[in-house]
Amino acid sequence: MRARSSRARASSAAAATGLDRRSFLLGLGALLLLPGRARGEAAASWTLPEATEELLRSSPYVYVSPLRADGAESRCHGEVWYGWLDGAVVLTTSTGTWKARAVARGLDRARLWVGDYGRWKRFLGRNEAFRAGPSFVARAGLVDDPALLDRLLALYREKYPAEIGRWEPRMRSGHASRDRVLIRYQPLAAR
């Protein structure tokens, strides 16, 4: 009786969607096998490997490459100051950078590498050493939160004591004038 009533419910649901019973059940089975994020569950349930999180707490830089709509990395890769706050990479950048423009255009994914591998742009060529480091794909979003900016700048004062003195006033005035934005990168998958 129980199997018959399950089949009846599946058949009536399939009829309501216009699918045949077999297609409906195959689709339902596939949905149940998908990872949580693909089913629409919060991305926060996914965590990075502990070694990557430890490096995020101690490294001076992350290297960020916004991902194009087709999933390919953009040609822009840059080492940036950041804060590891609430399980996400947070940084402040000018609205004119590709990182900010990409998010504003709806390109909400990026690949990040963690570590200090030197400057990406060199006088002759590019330094691709960062690719050897741990990386992850993240969902990028613009954040307008003065309290988060304060927390980020407080962390910058600890991480970059020699440089922050000349940058903090520019960062604060840039946020006040809307010439700078906060970007939060929430990890989705590591490699």
Side-chain angles (χ1 to χ4, degrees), residues 34-74 76-117 120 130-161 163-164 167-168 170-172 174-176 178-191:
L34 288 173
R37 287 178 312 284
R39 289 194 313 260
E41 294 175 12
S45 65
W46 192 84
T47 58
L48 291 170
E50 183 56 39
T52 303
E53 282 198 35
E54 181 56 39
L55 195 53
L56 281 163
R57 287 188 281 275
S58 63
S59 174
Y61 305 113
V62 290
Y63 296 72
V64 179
S65 179
L67 298 180
R68 298 187 313 225
D70 65 1
E73 292 172 15
S74 68
C76 170
H77 300 82
E79 71 283 351
V80 294
W81 289 4
Y82 73 97
W84 178 242
L85 298 167
D86 305 325
V89 169
V90 179
L91 58 90
T92 176
T93 189
S94 167
T95 56
T97 64
W98 174 234
K99 292 181 290 300
R101 291 189 340 258
V103 177
R105 290 181 183 169
L107 300 175
D108 68 344
R109 302 221 180 211
R111 177 167 301 284
L112 287 80
W113 292 265
V114 188
D116 184 356
Y117 303 97
W120 175 65
F130 64 90
R131 291 187 181 280
S135 70
F136 58 94
V137 173
R139 180 171 311 280
L142 299 177
V143 182
D144 186 13
D145 183 350
L148 184 60
L149 176 63
D150 289 341
R151 289 177 59 207
L152 180 64
L153 293 177
L155 184 59
Y156 280 7
R157 285 191 292 277
E158 292 175 24
K159 282 180 77 170
Y160 314 107
E163 300 95 348
I164 191 62
W167 284 99
E168 185 171 357
R170 293 183 208 177
M171 291 176 178
R172 287 200 181 276
H175 279 276
R178 303 280 190 207
D179 290 333
R180 294 187 73 83
V181 292
L182 282 176
I183 303 177
R184 176 184 289 134
Y185 294 96
Q186 184 69 47
L188 296 176
R191 126 176 131 160

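Sequential numbering from 1 along the given sequence is applied to the chain's residues.
With a 6.0 Å cutoff to the six-membered ring centre and a 45° limit on the axis angle, Lys159 does not count as a cation-pi contact of Tyr61.
Other residues, nucleotides and ligands place more than 12 heavy atoms under 6.0 Å from the CZ atom of Arg180.
Atoms CE and CG, on Met171 and Leu153 in that order, are 6.5 Å from each other to the nearest 0.5 Å. In this structure, CH2 on Trp113 lies 13.5 Å from OG1 on Thr52, to the nearest 0.5 angstrom. Here CD1 of Ile164 is found 11.5 Å from CD of Glu158. Values are rounded to the nearest 0.5 Å. A distance of 4.5 Å separates CG of Asp108 from CZ of Arg139, quoted to the nearest 0.5 Å.
Considering every non-hydrogen atom in both Val114 and Tyr82, the closest pair reads CG1-OH, 4.5 Å. Among all heavy-atom pairs drawn from Val64 and Ala110, the shortest one is CG1-CB, 4.3 Å. The two residues Leu152 and Val90 make their nearest non-hydrogen contact at CD1-O, 3.5 Å. Shortest non-hydrogen contact noted between Arg184 and Val143 is CB-CG2, 3.7 Å. Residues Ile183 and Ala140 share a closest heavy-atom pair of CG2-CB, 4.3 Å. Nearest heavy-atom pair across Trp84 and Pro187 is CH2-CG, 4.0 Å.
For the pair Leu56/Phe136, a side-chain contact is recorded, criterion being any heavy-atom separation below 4.5 Å from C-beta on. Annotation: side chain of Leu155 is not in contact with side chain of Trp81 (no heavy-atom distance under 4.5 Å). You'll find the side chain of Lys99 stays beyond 4.5 Å of the side chain of Val103, heavy atoms only. Proximity of Thr93 to Val181: side-chain heavy atoms (C-beta onward) are separated by under 4.5 Å at one or more points.
For the pair Tyr160 (side chain) and Pro60 (backbone), a donor-acceptor distance under 3.5 Å is present.
For residues 140-155, every residue pair satisfying the side-chain hydrogen bond (donor to acceptor under 3.5 Å, both in side chains) rule, not counting sequence neighbours, is listed here: Asp86-Arg151, Asp144-Arg178, Asp150-Arg172.
Look at Glu50 and Arg57 and you find a salt bridge, because one of the NZ, NE, NH1 or NH2 atoms lies within 4.0 Å of a carboxylate O, short of that distance.
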